[in-house]
Amino acid sequence: MPTPILVLNCGSSSVKYQVIDTSDESVWATGLVEKIGLPEGRIKHRTPAGEQIVQAPIPDHQEALRLVVQAFADHGPALDQVVAVGHRTVHGGQRFRETIVIDDEVVAGMTELSGLAPLHNPPVIAGIKAAQAVLTQVPHVAIFDTAFFSTLPPAAYTYAIDKTIAEQFGIRKYGFHGTSHSYVSKRAAEFLGRDLGQLNQIVCHLGNGASISAIQGGRAVDTSMGLTPLPGLVMGTRSGDVDPGIFSYLSRVADMDSAAVFTLLNNQSGVAGLADGTSDFRDLRTKIEAGDAAAELAFDVYIHRLIGYIGAYIAVLGRLDVLVFTAGVGENDQDVRWAACQRLAHLGCRIDPVANQAPNSGPRVISTPDSPVTVLVVPTNEELAMARETVAAIG
Ligand code: ADP
């Protein structure tokens, strides 16, 4: 029986959505609302029959959701077939450790957590309220990016800071991109025909945001993002790990307050900060090929950080069976995979240059037959994972 789920991903200025029938995993519609809060908003609605684009001012998430419902009414599929709505939620804090059906208490709990994710949780809450107002007959479910990492052991999630302050303010490693790490690690085991419970995996989610996780028998044991999605790997515009002393140093020498440093580290750093504003790896490659030294250094810093984490997580796991690359860069950029694995060969990751160049078309092995570690590319599908989670939560 068809079980169509609407999955919603509300950011501060955008809403991404899909209707996925989890009975056969077919996608009935996808869409994107952009530039919410700006004078000229836009909604793109795509079904197997074609694509529609509507330009309109979209002052807030309520109007965005109204336009989404209107797009379904005008161009299909009929939204009354949808059996539930799944909302991507960035921060679940310590309270929300698994996917949950949303009621007033859940919304109140998420609102309390907004201090932990001021950029990410408020638009999700606005999206939930707006969606509940227009889709009143079906359950709404929250899927937390942090939930997969609720299995981290205390030694991995505890920051070595004054424990009274840490406890009072909920300061610890939470981890993000959990839906992707969970989906990809399961998919990797399934693809290899191996028991997830027996595998030690490292998953490199390399998109615009990037994170890496160590997964033992299907349970996350470490990950690179922390209290916020800022630390860890070098990202498109985010710095990843820096010395936290940078906050007081820049406040002294550059008169920058913590909000200004936070903006610097989130929006003007990472690959873009090093390569004169270029955050996309396709453009970075073009610059490197043209001999741009800044772009080359950005690439080197990116790889250096990545292999450092992989090495550390091999130590955490004790034994590595599978190394997986996923997300925009991980799935498509053969140079990143090649550069990283060349330097990990002594740790058992040997990749085949021809297999590594294969186009991105589903899960594939890129290691050599004699490689002690199986290296995979596994395309992520966070929307499908969310739809499945939603079905599981509503029983
Ligand atoms: P997010 O979901 O975090 O926005 P994605 O996983 O979609 O990010 O990854 C987007 C990034 O993937 C782009 O910024 C770009 O750097 C990289 N990317 C996408 N396609 C390619 C490609 N064909 N070759 C190299 N890099 C690519």
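Since the model is a prediction, treat every value here as computed from it, not as a measurement. Both counts, for ligands and for their atoms, begin at 1 and track the order of listing.
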| Gln55, CD: over 12 other non-hydrogen atoms inside 6.0 angstrom | yes
| said: A quick test of your reading: do over 12 heavy atoms of other residues, nucleotides or ligands sit less than 6.0 Å from CG of Asp104? | reply: no
| task | For a side-chain hydrogen bond (donor to acceptor under 3.5 Å, both in side chains) with His177, tell me which candidate from Ser211, Ser213, Ser224 qualifies. | result | Ser211
Would you mind running through ligand 1 and noting each atom that sits below 4.0 Å from a heavy atom of [X]?
{"X": "Val329", "answer": "12 (O), 16 (O), 17 (C)"}
{"X": "Asp333", "answer": "25 (C)"}
{"X": "Ala327", "answer": "6 (O)"}
{"X": "Gly209", "answer": "3 (O)"}
{"X": "Gly207", "answer": "5 (P), 6 (O), 8 (O), 9 (O)"}
{"X": "Phe281", "answer": "15 (C), 16 (O), 26 (N)"}

| note | atom 6 (O) of ligand 1 has as its nearest protein heavy atom Gly328 N, 2.9 Å
| Protein non-hydrogen atom below 4.0 angstrom of atom 2 (O) of ligand 1 present | no
| request: Determine whether the aromatic ring centres of His45 and Tyr17 lie less than 6.0 Å apart. | output: yes
Ignoring hydrogens and angles, write down the donor-acceptor pairs under 3.5 Å from the side chains of residues 92-101, residues two or more places apart or on other chains.
from  : atom 1 : to     : atom 2 : distance (Å)
Arg97 : NH2    : Ser150 : O      : 3.0
Thr99 : OG1    : Glu389 : OE1    : 2.3

